[in-house]
Amino acid sequence: MLYQSGAKIFRWLATSLALSSNVCAWSAEGASTEYVGGFTGFAAGYVPTDPGSYLANYLYYYNGDTAAVAVNGKVALNVSTSVYFEIPEVTYITKLSLFGGNYGFGIAVPVGYVDVDAAINPAGIARSASTFGLGDSILVPALVGWHSGNWHTNFALSVFAPTGQYDQNQAINLSKHFWAIDGSYSASFLTEAGFDLSGCLGYTVNFENPTTRYKSGDVVHLDLAVGQNLTKQWKVGLGGYAVVQVTGDSGSGATLGSFESDIYALGAILGYSAKLGQSDVDLQLRWYREFDAKNHLEGNAIYLTAALKL
């Protein structure tokens, strides 16, 4: 289905693509970039061969904390946050072939809620603040999938557009207020016995926030998952991710300097396949515990995803 893995759209962010909170899951500006770790899981490399429209819906929860975060060109200390997002996405697989693979495209528009507490807040955040609204749109102009025996691979190009809720006078926003481009390559080894070995490797280029003059650094991200079907419907396994900033933050608004960061996570994945009328529905529950944070929020991330053909 598109996607048990996620239709690259929200790595896409894919990745926030995408869960785009100014205090979500990264160093960079607001301790977050557009890509969110763990967005893909089982069958990350699989793209359906059957042309048509596919719907995927992601429910995402994250809670974490960090010692310092840049917000609107200033610094808040001892920050903790809770993030709730729903990301519906629609992907269309065409009858066209591109580089020998199935060609598709898609779009996702997140909606979410963010709550933040700051113990020391020269950035102007009240001790507790929250906001609700639309996040940044994710456009996927190119999704190409290939199949060879048990191997399934795909490439996705995603564009994060700053269309979400943003007010420069607010400390908390649901838009990053800058453009970002992500390219990712995913692969899955899927057997008839139900074994699943999947991964997604991507690179995100972040552009400057024109309001704060803060340019977040580029990011390399890797998602991994391994699982086994216990029955025809149930699959269990392990997952993990790494998100590594490979260039420093820059611009006049980068008050903490280059502020490069890393974050890693391990967790468990549960998958279930069912019927909804005439459609197959693929569900995944993914939980990750982050560790070894460097200049980064550290906490827990939970995904509940559903995917089906329309």
Side-chain angles (χ1 to χ4, degrees), residues 8-37 39 66 68-76 79 81 83 85 107-110 112 114 116 122-125 131 133-141 156-184 202-221 243-263 294-297:
K8 296 328 176 272
I9 289 180
F10 212 80
R11 357 187 131 110
W12 339 127
L13 347 26
T15 358
S16 267
L17 8 100
L19 309 181
S20 325
S21 148
N22 264 5
V23 195
C24 184
W26 249 98
S27 84
E29 185 177 18
S32 62
T33 63
E34 293 288 20
Y35 179 79
V36 177
F39 194 73
T66 187
V69 58
V71 180
N72 290 348
K74 300 180 181 179
V75 180
V79 175
T81 182
V83 178
F85 261 92
I107 185 172
V109 181
V114 177
V116 175
I125 306 175
T131 190
L134 292 175
D136 290 338
S137 301
I138 308 100
L139 310 174
V140 183
L157 178 67
S158 303
V159 178
F160 296 83
T163 58
Q165 174 265 321
Y166 184 83
D167 183 342
Q168 68 181 71
N169 297 316
Q170 289 186 183
I172 311 301
N173 285 289
L174 295 176
S175 171
K176 296 300 295 177
H177 200 54
F178 60 75
W179 291 83
I181 298 176
D182 183 275
S184 63
Y203 191 96
T204 305
V205 177
N206 297 297
F207 295 89
E208 185 178 78
N209 183 328
T211 299
T212 63
R213 299 299 178 185
Y214 195 118
K215 184 185 182 304
S216 298
D218 294 349
V219 174
V220 171
H221 53 85
V243 186
V244 179
Q245 188 172 347
V246 293
T247 66
D249 299 344
S250 60
S252 59
T255 54
L256 296 180
S258 61
F259 206 53
E260 294 181 33
S261 72
D262 306 331
I263 189 64
K294 172 188 173 185
N295 297 332
H296 195 297
L297 284 164

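Note that these values count all heavy atoms, side chains included, but never hydrogens, waters or copies made by symmetry.
- A side-chain donor-acceptor contact under 3.5 Å links Asp249 to the backbone of Gly217.
- Counting heavy atoms from C-beta outward, Pro110 and Leu174 have side chains that stay 4.5 Å or more apart.
- With hydrogens and angles ignored, the 3.5 Å screen pairs a side-chain donor or acceptor of Thr163 with a backbone N or O of Ser137.
- Side-chain contact between Tyr203 and Val246 is present, with at least one heavy-atom pair separated by less than 4.5 Å.
- With rounding to the nearest 0.5 angstrom, the CH2 atom of Trp179 is 9.5 Å from the CG atom of Asp136.
- To the nearest 0.5 angstrom, Phe207 atom CZ is 15.0 Å from Lys176 atom NZ.
- Here the side chains of His221 and Asp182 are in contact, with some heavy-atom distance below 4.5 Å.
- Side-chain contact between Leu134 and Val109: present, with at least one pair of heavy atoms (C-beta onward) separated by less than 4.5 Å.
- Side-chain contact between Ile181 and Leu157 is present, with at least one heavy-atom pair separated by less than 4.5 Å.
- What you find for Asp218 and Thr247 is that their closest heavy atoms are N-OG1, 2.7 Å.
- Under the 3.5 Å distance criterion, the side-chain polar atoms of Lys215 are matched with a main-chain donor or acceptor of Asn206.
- Looking at Val36 and Phe85, their side chains never come closer than 4.5 Å, going by heavy atoms from C-beta outward.
- Phe178 CZ to Tyr166 OH: the interatomic distance, rounded to the nearest 0.5 Å, is 10.0 Å.
- Thr204 and Ala180 get closest at one heavy-atom pair: CG2-CB, 4.4 Å.
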